[in-house]
Amino acid sequence: MIDFKEKLKNYNHLRNKLSFLKADLENLKSCNIGIKSMTIGDKVQSSNISDPTSNFVIKNIEKEKKIEIEIEITKMQLNQIDNILNMLPECERKIIEYRYKNRYSWIEVCELVGYCQSQAINKMNKAIERINLFYDDIAI
């Protein structure tokens, strides 16, 4: 059985991870400007000693690819959570978004949705329980 509540708790971590990955990718790409213009195959080596610049470029290209893949995976994880939340009735979705995405206190959530704390918590828990049951057989 999936635990959608754990996925919700992890939402902001995923969002932060995505921001850091994008920044890392941009930094890596900016380091490679000018260096990549030298094609690795164009240089003829007369010995078996490897060219440090070529090795640097190759390693950075590999790092870029890994980061790009990690960015796509993280985007998919965030989109899955968002898509599931978008299937909920508006009230339940807002309670969950305020609480987990925006990290509002229960007092703030209740003021925004017009329920007392016990009603808001009950609505959220029932929505999460329905999600867990519905997606029990689906890996998200």
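Everything quoted here is computed from the prediction, not taken from an experiment.
Residues Val109 and Asn102 form no side-chain contact, since every pair of their non-hydrogen atoms from C-beta on lies 4.5 Å or further apart. Between Gln77 and Lys7, every side-chain heavy-atom pair lies at or beyond the 4.5 Å cut-off. Two residues are said to be in side-chain contact when any heavy atoms from C-beta on lie closer than 4.5 Å; Leu85 and Phe4 meet this criterion. Annotation: side chain of Met87 is not in contact with side chain of Asn83 (no heavy-atom distance under 4.5 Å).
Taken from NZ in Lys123 to CD1 in Ile96, the straight-line distance is 11.5 Å, to the nearest 0.5 Å. In this structure, the separation between OG on Ser105 and CD on Glu111 is 7.5 Å, given to the nearest 0.5 Å. To the nearest 0.5 Å, the span separating CD1 on Ile121 from CH2 on Trp106 amounts to 5.0 Å. For the atom pair CD1 (Ile81) and CG (Leu14), the distance works out to 5.5 Å, reported to the nearest 0.5 Å. Distance check, rounded to the nearest 0.5 Å: CD1 of Ile128 to CD1 of Ile84 gives 11.0 Å. Taking OG1 of Thr74 as the reference point, atom CZ of Arg15 lies at 13.5 Å (rounded to 0.5 Å).
Cluster partners of Ile69 are Ile73, counting Ile, Leu, Val, Met, Phe, Trp and Tyr whose side-chain heavy atoms approach within less than 4.5 Å, directly or via other members.
Linking ILVMFWY side-chain heavy atoms closer than 4.5 Å, directly or via other members, places Met76 and Leu21 in two distinct hydrophobic clusters. Cluster annotation: Phe134 and Met124 are assigned to the same hydrophobic cluster (Ile/Leu/Val/Met/Phe/Trp/Tyr, side-chain heavy-atom contacts under 4.5 Å, transitive). Linking Ile, Leu, Val, Met, Phe, Trp and Tyr residues whenever their side-chain heavy atoms come within less than 4.5 Å leaves Ile71 and Phe20 in two separate clusters.
The existence of a salt bridge linking Lys29 and Glu68 is confirmed by a sub-4.0 Å separation between a basic side-chain nitrogen and an acidic carboxylate oxygen. A salt bridge links Lys17 with Glu70: at least one charged nitrogen is closer than 4.0 Å to a carboxylate oxygen. Taking the charged nitrogens against the carboxylate oxygens, Lys66 and Glu62 have no contact shorter than 4.0 Å, which rules out a salt bridge.
A donor-acceptor pair under 3.5 Å is absent between the side-chain atoms of Asn122 and the main chain of Ser118, judged by distance alone. Although no hydrogens or angles enter the test, the distance criterion places no donor-acceptor pair under 3.5 Å between the side chain of Glu6 and the main chain of Asp3.
Of the candidates Arg99, Lys101, Lys94, Lys101 is the only one forming a salt bridge (Lys or Arg N to Asp or Glu O under 4.0 Å) with Glu97.
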Salt bridge (charged side-chain N to carboxylate O under 4.0 Å, His left out) evaluation trace for Lys126 with Glu92: CA-CA 9 Å; Lys126 285 184 178 181; Glu92 293 173 351; over 6 Å; no

Let me see the working for Tyr100 and Tyr11 under ring pair (Phe, Tyr, Trp, His ring centres under 6.0 Å), right down to the final yes or no. CA-CA 7 Å; Tyr100 288 99; Tyr11 189 88; 9.6 Å; no

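Of all non-hydrogen atoms in Ile95 and Ala120, the two that sit nearest each other are CG2-O, 3.8 Å.
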